[in-house]
Amino acid sequence: MVVIRPRPPPTETSQPQQPTHKQRVPAWESLVASNSNGGTMSSGGGVAQSSGEAGPSPTKKARKTGGKGKAEAVQASVDKDGGCPILSFPTDLLYETCKYLNPPSLLALSLSCKTLKGYLQSKASEPVWVVARRIVKLPQLKSDISEWFYAFLVFGQECQMCPSRKSLQFEHNLQLRLCLQCLKTNLVLKRDVQAEDGADFHAETFKCLPFTPYRPTTGDPRRDKQVYYHYPDIQKMSDKLVEFEEHSAAIAAVEESEMEGEEEDGRDETVLEAFVREQKARVNAINEDAKTIFNWQFKSIEEDIKHEDEVIKERKKAIEAKLLAAGYIQSDFYWNGFPDTARRHLEKPKELTDAEFKKTVWPALYPTLDGRKTARLQRELADRQSRRKMFLRPYIQQLKMSQTRFKVALFPTVAVVTELPSTKLFWESDDTVLDATTWSASRHTILDEIEDVMDAKRKECYLAFFPDTDFSEQAPTEAKMEAELALAVNVLKCSGCDYLFTYALACQRDCYPYDREVTLLASSDWRKSVESLLKVHKLSDKTTHDDLAKMGQVFSCDGKGCKYQMSSGRRSWEEMLHHASYWPHMSYGNRLQPLEEVQLSMVSSATTAGAGSGGAKV
C-alpha cells in the first residue's frame, strides 16, 4: 500500500521518554499493584517489597559448537546452483511463493541479487506481477508498459536516472519516477528548448511526446498554461520522426515511379503518419492512466488513513484500560492536552504491547497524568471545602444576631469570618464534624477573633482621620473612636474603587480590585461639602450619620451639571452617599468634575425627626 503520514519507526533500543521536569517515574507494576491490592507506596514510588528473598536466576545452557551452520549451508547451495538459492526452486514453486507478495515486497526481493532481478524484470514473470497488482487492487492501465515497470512507478524507492533515494516524485503524466534534482534538470518547457542554439526538431515532435502541466519544484500548474517535457526524449523522438519521414519519402518515390501513367485509386497512410497517430494515441492513453493511478492513490490514501485511525483508536483504548486499572479516571487522560513527545507514542499506528507500554509510553505520559490528577484532587477538595463553608453560614448569622445593634452593623462578612483560624477547623479537613455541640465549644474563641478583626478595622479607619495617633502609648478608648468615626463629616474613601463609605459600611466591605493594595482614606472633599451643609442649616458639627439618616428624604444635589434625576423627589442620606459614590458628576461637556463642586442641600421646611445630641431643627 502507499505509505502515508510517515512516523519514526519504533526501535527496541530507543530510550524511554523522560519526564519534562525532575520527577521520578514510579514503576508501572508497582503502581498497578498499589491500586488493585492496596499496597503501600515506598518513598521511591514503588510498593514495599515482602521480606521473602528471590531465588537464584536460572543460568543459560551453553551453546554447542561445531557442525555446519546456516551460513555454510546457504553458501553451499549458492555454490552448487551457481546463483541465487531461490532460483533453484522449481518454476511452479517459485510462482506459488511470489504470488503471495505485494508489489513493494517483490521490488525489494528483486534487489536481493542480479539474477533474481533479471528474472522478475523479464516477460516470464508477468503473471507474478499481475497477481501482486491484484492484491493491492491496483487498476490495469491502457498504455503498453510492463507490469514490473508499472509497480516500480507506483512503489519504487529509487530514481530512474541516478542512484538517489531522496525526494522521489512520481510524474503520472510522464510515467517517470525521479528525484527532485533530476526533475529540475530534465523537465523543460517547449519554448526553452526551441530557443536553444542549433535547436532543429521535427514539426510533429512535441505532438508525439507525453507532457505534464505541473512544475517540477512546487507541483502546481503554471498560470500561462505552458507544459513540461522530458528533455532526453525530445531529440530521440525528433530523430525517429526524421527517420520515418525519410523512409516514407523513399517508399513514395518508388511507388510513384512504378505507377507512372496509371490512375491513382487513393493514397495509403505512410509509415510516418501511422507512427504519429500511434504516438498521439499513446499520449492520450498515458493521460488517462495518470488519472486512473491518481484516483487509486487517493482512494488508497483514504483507506490507509481510515485503517491507521482504527489502529490508533484501539491503541488509545488499550492505554485507557491500563490507566483506569492504575487508579486514574477519564478526565485525567483527555489526549489533546498532552505534549508532542507523549502524543507521538499515543498516535503511533501500531498495536500496543506490554513491553512497549512499560518502556516508552508510561514514562512519557506520567508527568502530565500526575499533574492532572493532582490538580483534580485539589479541585475536588476545594469544592468540598466550599460546600462546608456554606454549612457555616447559619451558625455565623446566628452569632451575628446575638450582638448589640451597633456591633451588628460592624460585624465582619461571612467570607472574613470563615477565614479565621478557629473557623477554618470546620471546613479545611474532610474529617471535621460540624454540629451544634462542636460549634458551641468554639464559640468563645470565634468571638474573640471577630473582636480582633473589628478592632483592627476600627484602628485602620481611625488612623485615616487621625494619622498621628500612637496606639502603643495613649490609645483612645473604643467609645471615643466609635464616636469620632460616627460623625457625618467623617467619610472614608477606598483607594481601590474610589467609593465613599461610612465607618459601618467600611467594616463590612472588602475591596480587592486587580490585586492592588487597598487602603481607606479620609475624604476631605466630601468633608467640606458636609461641613458647608451643616453650617448653612445651623446643625451641630457633632451630627452623626444616623442623625442625618433619621431626617428622611430631605437631601438633594445642586452640583453643576449633575445628571442625577432629582425631579421625582428628594433623597435620603444613604441615597446621597450612594449617589456620590456610584454616579459621578458630569458637566455638559462630559468633564468629570471634582468633588468640591458637589453641593448638598436640604429642604428648609423639613424638621429633624429624632436627631441625636448634635441634631437641630432646620
Side-chain angles (χ1 to χ4, degrees), residues 1-4 86 91 94-180 182-183 186-187 208-214 216 219 228-230 232-233 236-237 278-304:
M1 301 295 287
V2 178
V3 180
I4 61 172
I86 300 179
T91 305
L94 181 61
Y95 173 78
E96 291 293 330
T97 303
C98 293
K99 76 177 184 179
Y100 292 103
L101 302 178
N102 54 17
S105 301
L106 279 178
L107 288 173
L109 183 63
S110 66
L111 300 177
S112 60
C113 71
K114 294 182 179 180
T115 308
L116 190 59
K117 182 177 182 180
Y119 167 74
L120 291 175
Q121 292 182 5
S122 64
K123 194 71 175 178
S125 63
E126 287 286 316
V128 177
W129 289 102
V130 171
V131 174
R133 174 169 57 82
R134 291 173 179 172
I135 291 177
V136 295
K137 299 180 181 180
L138 195 61
Q140 189 174 1
L141 302 182
K142 295 181 179 181
S143 56
D144 55 348
I145 61 174
S146 64
E147 292 287 342
W148 168 83
F149 188 63
Y150 183 15
F152 173 78
L153 289 177
V154 180
F155 302 103
Q157 298 296 325
E158 58 184 352
C159 179
Q160 287 181 232
M161 306 187 69
C162 70
S164 175
R165 292 176 175 267
K166 296 180 180 180
S167 304
L168 296 177
Q169 296 187 21
F170 174 27
E171 283 296 336
H172 299 73
N173 297 86
L174 298 177
Q175 291 188 345
L176 294 173
R177 177 169 283 275
L178 302 176
C179 63
L180 184 59
C182 291
L183 280 175
N186 295 283
L187 264 62
C208 299
L209 289 174
F211 58 87
T212 178
Y214 304 106
Y228 292 87
Y229 294 90
H230 190 219
D233 295 340
K236 294 179 182 179
M237 179 61 67
E278 291 175 359
Q279 292 302 313
K280 290 181 178 179
R282 175 175 171 271
V283 172
N284 294 332
I286 290 176
N287 292 334
E288 293 181 6
D289 291 343
K291 296 179 181 179
T292 302
I293 297 175
F294 180 80
N295 293 334
W296 175 85
Q297 286 181 326
F298 184 77
K299 182 179 179 181
S300 178
I301 288 174
E302 287 185 337
E303 292 177 353
D304 286 351

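Not measured: the values here are computed from a predicted model. This chain uses plain numbering: 1 for the first residue, then up along the sequence.
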Measure the spacing between [atom1] of [X] and [atom2] of [Y] and express it to the nearest 0.5 Å.
X      : Y      : atom1 : atom2 : result
Leu138 : Gln140 : CG    : CD    : 10.0 Å
Ser300 : Ile293 : OG    : CD1   : 12.5 Å
His230 : Leu183 : NE2   : CG    : 8.5 Å
Leu141 : Ser146 : CG    : OG    : 10.5 Å
Glu126 : Gln121 : CD    : CD    : 11.0 Å
Ile145 : Ile286 : CD1   : CD1   : 8.0 Å

Could you tell me whether the side chain of Ser125 and the main chain of Tyr119 form a donor-acceptor pair under 3.5 Å? yes
If you look at every heavy atom in [X] and [Y], which pair is closest and at what distance?
X      : Y      : result
Lys117 : Ser110 : CB-O, 2.9 Å
Cys208 : Gln279 : CB-CB, 3.6 Å
Leu111 : Glu158 : CD2-OE2, 4.3 Å
Lys123 : Pro127 : O-CD, 4.5 Å
Leu107 : Trp129 : CD2-CH2, 3.8 Å
Tyr229 : Phe211 : CE2-CB, 3.7 Å

Do the side chains of Asn186 and Pro232 get nearer than 4.5 Å, heavy atoms only? yes
Decide side-chain contact (heavy atoms from CB on, under 4.5 Å) for Val283 and Leu209; before the verdict, give the C-alpha distance in whole Å, the side-chain angles of both, and the deciding distance to 0.1 Å. CA-CA 7 Å; Val283 172; Leu209 289 174; 5.8 Å; no
Check the side chains of Ser105 and Asn102 for a donor-acceptor pair under 3.5 angstrom, ignoring hydrogens and angles. yes
Glu278 vs Arg282, test: side-chain contact (heavy atoms from CB on, under 4.5 Å). Steps then yes/no. CA-CA 6 Å; Glu278 291 175 359; Arg282 175 175 171 271; over 6 Å; no
Given side-chain contact (heavy atoms from CB on, under 4.5 Å), test Leu106 with Cys98 step by step and report yes or no. CA-CA 7 Å; Leu106 279 178; Cys98 293; 4.0 Å; yes
Give me each pair satisfying salt bridge (Lys or Arg N to Asp or Glu O under 4.0 Å) with a member in residues 138-155, each pair once, sequence neighbours excluded. Arg133-Glu147, Lys142-Glu288
Would you give me the side-chain donor-acceptor pairs under 3.5 Å for residues 171-179, sequence neighbours excluded?
from: Glu171; atom 1: OE1; to: Thr212; atom 2: OG1; distance (Å): 3.4
from: His172; atom 1: ND1; to: Phe170; atom 2: O; distance (Å): 3.3
from: His172; atom 1: NE2; to: Gln297; atom 2: OE1; distance (Å): 2.8
from: Asn173; atom 1: ND2; to: Asn287; atom 2: OD1; distance (Å): 3.4
from: Gln175; atom 1: NE2; to: Ser143; atom 2: OG; distance (Å): 3.1
from: Arg177; atom 1: NE; to: Phe152; atom 2: O; distance (Å): 3.3
from: Arg177; atom 1: NE; to: Leu153; atom 2: O; distance (Å): 2.8
from: Arg177; atom 1: NH1; to: Gly156; atom 2: O; distance (Å): 3.4
from: Arg177; atom 1: NH2; to: Leu153; atom 2: O; distance (Å): 2.8
from: Arg177; atom 1: NH2; to: Val154; atom 2: O; distance (Å): 3.0

